[in-house]
Amino acid sequence: MSDTRRKLTTIFCADVQDYTRLMGADEEGTLATLKRCREAMGRLIESHGGRVINTWGDGLIADFPSVVEAVRAAVDTQNELAGFNARRPADGRMLFRIGINLGDVIVEGEDIYGDGVNIAARLQASAAPGGIVISSTVYDQVRNKVAVGFEFLGPLTVKNVQDGVPSYAVKIGDGSDEPPPFQRPVAPRPQPAAAVTETRPAPERRRLFGVLGVIGIVLVGINLLTWDGVFWARFPLLAFAVIAALAWSRDQRRFDRRMTGLAIVAIGIIGINVLTWSGTFWAVWPILGIAATIGLRWSMRR
């Protein structure tokens, strides 16, 4: 028991609605679809800083150090799976239910146990097909930080928990009472909540862009007013551009953040090479190394 400890974490539970029926109709096709959906879910969980702990049958459990990132991962998962299911016949769609809870758990090796896990599983079981249900502890942390709506469902009864657990349904779509888009025969894929945050930079990022812009303009002005034939301001301007691009990459959800960051660094190296051009394109070597790293990461995620 020396490897047993406790920690506070965000638990993410998911399973498939009507999995037994799907297996009965097409066992091999259902297994292939489940594998594909799990790969997509695992990729999104990892991109949001989470860790898949275990899978069993049609179920999956993961944990996250960040409550906000756990909910964002769930929203991105349901949006991506909605697009996948929209191209499938109505009776062959694989709809996941997701439950998220923030709680204290027992950690033993790579596994987690305890009421925190049981509550997440109960929340998942109460979710609608293609839906997300979160506990009040999660809601308190994300209600003003994630661009989705919430609907109070009341307390849920959980085994070994004396009081009911207040829960909320995450409203991914337009906030109406209609079924999710992937439950209708024809519907456009809803815009992911993450895309909203991309078009509206967070206040911290806006301030960073503003500060870098002002400093850049001041440096250009100083360079021009003290002109001696050298445009030295080009180097800090390149650094500011790389910093701004990395800040954007950190918050965007459209592309893999690590691969995007490596691509930005590669562009910055090319910029340095061009600005200090001496007839040799030395940047080809670090770019080749970065490209190999991106290729390996991409291939391992497929």
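Numbers here simply count residues along the sequence, with the first being 1.
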Greater than 12 external heavy atoms within 6.0 Å of R36's CZ: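 Count not over threshold, so no.
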Should we say atom CH2 of W277 is surrounded by more than 12 heavy atoms from elsewhere, each under 6.0 Å from it?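 Atom CH2 in W277 is packed in, count exceeds 12.
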In terms of side-chain heavy atoms, does S278 have a donor or acceptor partner in T280 at a distance below 3.5 Å?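 No donor-acceptor contact under 3.5 Å links the two side chains.
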Would a single hydrophobic cluster contain both F240 and V220, if residues Ile, Leu, Val, Met, Phe, Trp and Tyr are joined by side-chain heavy-atom contacts under 4.5 Å?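 Unlinked, V220 and F240 end up in two clusters.
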Hydrophobic clustering (ILVMFWY, side-chain heavy atoms < 4.5 Å, transitive) - are L34 and F12 grouped together?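 F12 clusters together with L34.
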Aromatic plane relationship, Y139 with Y168 - under 30° parallel, 30 to 60° tilted, over 60° perpendicular: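 Rings of Y168 and Y139: parallel, as their planes differ by under 30°.
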To the closest 0.5 Å, what do you measure between [atom1] ([X]) and [atom2] ([Y])?
X    : Y    : atom1 : atom2 : value
C13  : I119 : SG    : CD1   : 11.0 Å
Q141 : T10  : CD    : OG1   : 8.5 Å
R93  : Q17  : CZ    : CD    : 14.0 Å
N118 : L123 : CG    : CG    : 11.0 Å
T77  : I45  : OG1   : CD1   : 6.0 Å
M41  : L60  : CE    : CG    : 6.0 Å

Under the side chain to side chain contact (heavy atoms under 4.5 Å, CB included) rule, what do L275 and F231 come out as? Steps first, then yes or no, please. CA-CA 10 Å; L275 294 178; F231 186 51; over 6 Å; no
For F96, does its backbone N or O pair with a side-chain atom of Q78 as donor and acceptor, under 3.5 Å?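 Yes, because the side chain of Q78 sits within donor-acceptor range (under 3.5 Å) of the backbone of F96.
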Quick check: does any side chain N or O of N54 sit under 3.5 Å from a backbone N or O of I61, one acting as donor and the other as acceptor?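 Pair absent, no side-chain N/O of N54 close to backbone of I61.
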Between [X] and [Y], what is the shortest heavy-atom contact and its length?
X    : Y    : result
L238 : G268 : CD2-O, 3.9 Å
A40  : E80  : CB-OE2, 3.6 Å
S167 : V133 : CB-CG1, 3.9 Å

From CA spacing to verdict: side chain to side chain contact (heavy atoms under 4.5 Å, CB included), V148, I132: CA-CA 11 Å; V148 294; I132 305 165; over 6 Å; no
Residues F235, L219; criterion side chain to side chain contact (heavy atoms under 4.5 Å, CB included); working and verdict: CA-CA 10 Å; F235 294 108; L219 290 176; over 6 Å; no
Run through E69, E110, E46 and flag the one making a salt bridge (charged side-chain N to carboxylate O under 4.0 Å, His left out) with R51.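 The single option meeting the salt bridge (charged side-chain N to carboxylate O under 4.0 Å, His left out) with R51 is E110.
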Full working for side chain to side chain contact (heavy atoms under 4.5 Å, CB included) between V265 and V242: CA-CA 7 Å; V265 171; V242 171; 5.6 Å; no
